[in-house]
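Here's the structure, in structure tokens; my notes come after.
Proteins come first, then strands; the chains are lettered A, B, ... in the order of their sequence lines, and each starts at number 1. Not measured: the values here are computed from a predicted model.
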2 protein chains.
Amino acid sequence: MSTDKVVGIIGGMGPEATVDFMSRILLATPAVKDQDHVRMIVENNPRIPSRQAAMKGEGKDPGIAIAAIATRLEVAGADFLVMPCNLAHVWRSDIESAISVPFISIIDQSVQLALCQSSNDNAVGLMTTPGCFSAGLYQQALAEAGRPVILQTPNELSTTMSLVERIKSGDKSREVAMGLRQLADELIKRGAKILIAACTEFPLVLNESMFDVTFITSTDALAKKTVLLALGGDRF
Amino acid sequence: MSTDKVVGIIGGMGPEATVDFMSRILLATPAVKDQDHVRMIVENNPRIPSRQAAMKGEGKDPGIAIAAIATRLEVAGADFLVMPCNLAHVWRSDIESAISVPFISIIDQSVQLALCQSSNDNAVGLMTTPGCFSAGLYQQALAEAGRPVILQTPNELSTTMSLVERIKSGDKSREVAMGLRQLADELIKRGAKILIAACTEFPLVLNESMFDVTFITSTDALAKKTVLLALGGDRF
């Protein structure tokens, strides 16, 4: 179809989360043969400086590397860009200054999906990493929508980070999954009626069947929107 | 590390096989954090004309589309290129004419791995698709190495193709896996001591634990070589 668009994926944060995101695009696509699928150009670049470190004022600025990838993807033919990493959206303005095609935010898509899938008074439990928490991207988007939010404590965020580091090192054991699930359960105990898994490492070990409440993964939210945009069904 | 190389992946044939190949690169990499991983640039382009049709003299020439992707990947910064699709290697010369960086063949890597992992008189059972079979790429490489080969019959190739089409449509059921396994068992009955799974769709449903003989997947053979080349351990 001539209306189909090519998605450019700013990847590598982490590399397995990017591969997981690509898988979820394939799963979300109604396809019976290769040619029905979405065209993707992916730079899976794990050498981008640490985003968590940058949020603490340490290390190199990842915005420069991220914007350079965005530029290369546009040059390579991408019609719109996405980035399956929540924290990296702190550098969204660096990306948008570097390109002339649309950039579709994972934060916007996840919040939109969460709002659609729950009633107005349902508190949203926000599962995320310390860097993404302190950036406040989700808190701001949910506050603008007037939606109550249940946040993690500093201790919970710190436990989350150590579990995310284990996933990034290749440890996807039951212990890691159960650790994250327990953190999610704390949010539910404190009143969360819907959870946003706002780190693309989480769905590598968690899935919605583990929860009684609605469980939105940012990876899936962005994957579904990507398919709609790429296959011409949705406007930017 | 400054010696690290960027791999360019000519993908989309099929799209899920490309994602599987990327996963196997990650699995084959000794990494404890994002930054330890291989840099990849991937064009996952499922709109390349059918290779099976082209082998029957039907449809458009896929070589033009494949060479164009190779060019874009080189321009985007790839230091070497790979293509996780066996049949598409028929158009290898189109790729090599279009680029100035090395192209690493999945056929060469799979044959090399099979030869290393078995003794000289061990017959290799070749599991592949009708197009790849009639192109004779594996048969030629194995004949040059003086290695006996057990080939599939026309009926077996035709059954293989229908199972591959089911995988491409998203059907990764036990029935499909068992169908392919039965075809592999026929090769073993006829004397194969080692199997080469020479289609990147096969490892989406088959794995080595299903077989008593050595089971080489072309996807893994290429993934392992890619990691060695990208992380500077191997020369081209």
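- Ranked by heavy-atom pairs shorter than 4.5 Å toward chain A, the options Ser50(B), Ser169(B), Pro46(B) are led by Pro46(B).
- In this structure, chain A has no heavy atom under 4.5 Å from any part of Ile25(B).
- Taking 4.0 Å as the cut-off between side-chain N and carboxylate O, Arg51(B) and Asp34(A) count as a salt-bridged pair.
- Using a 4.5 Å cut-off between heavy atoms, Ile48(A) contacts chain B through its backbone alone, with no side-chain atom that close.
- At a 4.5 Å heavy-atom cutoff, the contact between Val38(B) and chain A is made by backbone atoms alone.
- With a 4.5 angstrom heavy-atom cutoff, Val7(A) does not touch chain B via any of its atoms.
- Chosen from Arg39(B), Lys168(B), Met13(B), the residue pairing most often with chain A at heavy-atom distances under 4.5 Å is Arg39(B).
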Take Met22(B) and Asn44(A), measure what side-chain contact (heavy atoms from CB on, under 4.5 Å) needs, and give me the verdict at the end.
-> CA-CA 9 Å; Met22(B) 293 171 72; Asn44(A) 201 9; 3.8 Å; yes
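- The main-chain N or O of Pro49(B) is never found under 3.5 Å from a side-chain atom of Gln35(A) such that the two would form a donor-acceptor pair.
- Contact count against chain B (heavy-atom pairs under 4.5 Å) is highest for Pro15(A) among Pro15(A), Ala31(A), Gly14(A).
- When each of Asn45(A), Ile41(A), Ile9(A) is checked for heavy-atom pairs under 4.5 Å with chain B, Asn45(A) comes out on top.
- For chain B, no part of Val75(A) is nearby; none of its heavy atoms comes within less than 4.5 Å.
- Residue contact with chain A, scored on non-hydrogen atoms closer than 4.5 Å, is absent for Asp20(B).
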